[in-house]
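Beneath this line is the structure, given in structure tokens, with notes to follow.
Every chain is numbered from 1 and lettered A, B, ... according to where its sequence line falls, protein lines coming before strand lines. Values reported hereafter were calculated over all heavy atoms of this structure, with side chains retained and with hydrogens, waters and symmetry mates removed.
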Amino acid sequence: MPELAEVEFYRKRWALAATGQRITRVALNEGKRPVRHIDVSAARDALTGEKLVSSEAAAKQMLFRFGKDASLGVHLGMTGELFVAAPDFAPGKHDHLVLFTRRHALVFRDPRMFGRIEFHRSKETPPWWSRIAPAVLSAAFTREAVAAFLRRRSRSPIKAVLLMQERFPGIGNWMADEILWRSAVHPARRAGSLSATEATTLWRQCRTVARQALAAIAGRGNALPADLNVGIPRSWLFLHRWSDGGRCPRTGALLRRATIGGRTSCWSPARQKLP
DNA sequence: GTGCTTGTTGGCCA
DNA sequence: GTGGCCAACAAGCA
């Protein structure tokens with residue numbers, strides 16, 4: 001599930017509960033895939049007793065800063081989530097990281113374990129954070145940059161290209177399908193086959209979908225919706241794409257699903273046509 | 001049991 | 001060297 005807007009939703013859960021709070025205890029699921037590449041005792045020592053100072057989300061990743069120089073990175077992978085529980089929370093087998101404060105337990109749960117925790121101790125920004133490409137909503141995400149990228153990946157299906165984090169950070173499977181549906185571009189089109197007008201539409205829809213998804217899923221300011229997806233309008237492809245028999249909100253026609261670019265893709269044949 | 005899965009990476013091949 | 005494709009990772013669910 002976690003793409004850019006869901007990631008921001010989860011970041012806010014921890015941030016609203018615990019920013020400024022001191023970490024009293026750290027539980028790490030040692031040896032399991034999400035944490036096995038980090039020095040868990042160093043992370044535990046560095047974080048215990050420090051306050052959560054600030055946090056950010058970028059693309060599909062989060063950065064939580066503690067005390068003077070410690071930071072944790074979180075990537076939720078396919079099935080990761082963050083939530084807040086009571087301070088007597090007992091971690092289960094899929095709870096790979098739990099930060100306890102006096103009032104809360106901050107839990108990272110990931111059954112499928114494609115997620116990843118990073119730990120970094122330095123005043124410098126961690127390399128895995130600074131390597132993230134410029135956000136879709138930043139000024140650096142220009143029409144020209146998108147057009148140039150489509151030329152470079154001209155023989156790949158446009159669906160696969162939208163999933164490339166080096167140019168479309170934070171966009172995942174459902175956002176890519178939403179963007180293509182709104183742009184009226186079939187997911188199997190070769191990236192190089194889009195006209196200049198279509199490429200511009202695609203670029204604009206990347207920004208629109210990112211902005212609207214953030215507002216609908218992660219809320220505005222300090223507001224946080226009760227759950228993911230409660231704020232998503234019926235007019236989006238999103239709510240119709242998963243189940244058999246789903247219909248296009250714009251044409252009413254049956255949606256189609258197939259594997260394109262290695263991933264399950266959903267489109268509306270009435271709107272999105274192959275040449 | 002089978003066949004899926006909202007992500008990323010590394011290896012193979014053209 | 002570059003671009004494109006796909007298996008692997010691991011576990012749960014229908």
Worksheet item: Rounding to a whole Å, what distance do you find between E118(A):CD and dG7(B):C1'?
Response: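 One finds 15 Å between C1' of dG7(B) and CD of E118(A), rounded.
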Worksheet item: Tell me: CZ of F168(A) to C1' of dG7(B), nearest whole Å?
Response: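 Nearest whole value for this atom pair: 17 Å.
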Discussion item. Within residues 199-217 of chain A, which residues have any heavy atom lying less than 4.0 Å from an atom of DNA chain C?
Written reply: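 The answer is none.
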Residues 94-102 of chain A, side-chain donor-acceptor partners within the protein, below 3.5 Å, at least two apart:
residue, atom, partner, partner atom, Å
D95(A), OD1, R109(A), NE, 2.6
D95(A), OD1, R109(A), NH2, 3.4
D95(A), OD2, G92(A), N, 2.7
D95(A), OD2, R109(A), NH2, 3.2
H96(A), ND1, N29(A), ND2, 3.0
H96(A), NE2, H94(A), O, 3.3
H96(A), NE2, D110(A), O, 2.9
T101(A), OG1, R103(A), N, 3.2
T101(A), OG1, H104(A), N, 2.9
T101(A), OG1, H104(A), O, 3.4

Which residues share a side chain to side chain contact (heavy atoms under 4.5 Å, CB included) with [X], sequence neighbours left out:
{"X": "H240(A)", "value": "R234(A), P249(A), L255(A)"}
{"X": "A191(A)", "value": "L150(A), I158(A), V161(A)"}
{"X": "T259(A)", "value": "none"}

Worksheet item: Any donor and acceptor pair, going by atom type alone, linking the side chain of Q272(A) with main-chain N or O of V185(A) inside 3.5 Å?
Response: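 Yes, Q272(A) side chain to V185(A) backbone: donor-acceptor pair under 3.5 Å.
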Discussion item. Using only atom types and a distance under 3.5 Å, with no angle test, would you say the side chain of H75(A) pairs donor to acceptor with the backbone of G80(A)?
Written reply: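 No; zero donor-acceptor contacts below 3.5 Å.
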For residues 131-149 of chain A, which side-chain donor-acceptor pairs fall under 3.5 Å, sequence neighbours excluded?
residue, atom, partner, partner atom, Å
S138(A), OG, A135(A), O, 2.6
S138(A), OG, A140(A), N, 3.4
T142(A), OG1, A145(A), N, 3.0

Worksheet item: Hey, what else clusters with L163(A) if you join Ile, Leu, Val, Met, Phe, Trp, Tyr whenever side-chain heavy atoms sit under 4.5 Å?
Response: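 Reading the cluster by chain and number, L163(A) sits alone, since nothing else belongs.
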Worksheet entry | Any S122(A) side-chain heavy atom under 4.5 Å of H120(A) side chain |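 Yes, side chains in contact.
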Discussion item. Only Watson-Crick and G-U wobble pairs with both distances less than 3.5 Å should count. Give DNA chain B in dot-bracket notation, marking inter-strand partners with |.
Written reply: .||||.||||||||
Worksheet item: Measuring from R271(A):CZ to S183(A):OG, what's the distance to the nearest 0.5 Å?
Response: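 Taking CZ in R271(A) and OG in S183(A), the distance rounds to 8.5 Å.
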Discussion item. Treating primed atoms plus P, OP1 and OP2 as sugar-phosphate and everything else as base, which nucleotides of nucleotides 8-14 of chain B get B, S or - for protein heavy atoms under 4.0 Å?
Written reply: B------
Fill in: Nucleic acid footprint by protein, nucleotides 4-12 of chain C - heavy-atom cut-off 4.0 Å, B for base, S for sugar-phosphate alone
SS---BBBS
Item to complete: Return the minimal non-hydrogen interatomic distance between N173(A) and K159(A), and the atom names on each side.
Response: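 Distance-wise, the nearest heavy atoms are OD1-NZ, 2.6 Å.
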Under 3.5 Å, which donor-acceptor pairs do the side chains of residues 40-53 of chain A form with other protein atoms, sequence neighbours left out?
residue, atom, partner, partner atom, Å
S41(A), OG, D39(A), OD1, 3.1
T48(A), OG1, R44(A), O, 2.6

Discussion item. Strictly by salt bridge (Lys or Arg N to Asp or Glu O under 4.0 Å), give each pair with a member in residues 65-74 of chain A just once, sequence neighbours left out.
Written reply: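 As it turns out, the salt bridge (Lys or Arg N to Asp or Glu O under 4.0 Å) pairs with a partner in residues 65-74 of chain A, which skip direct neighbours, are E56(A)-R65(A), D69(A)-R121(A).
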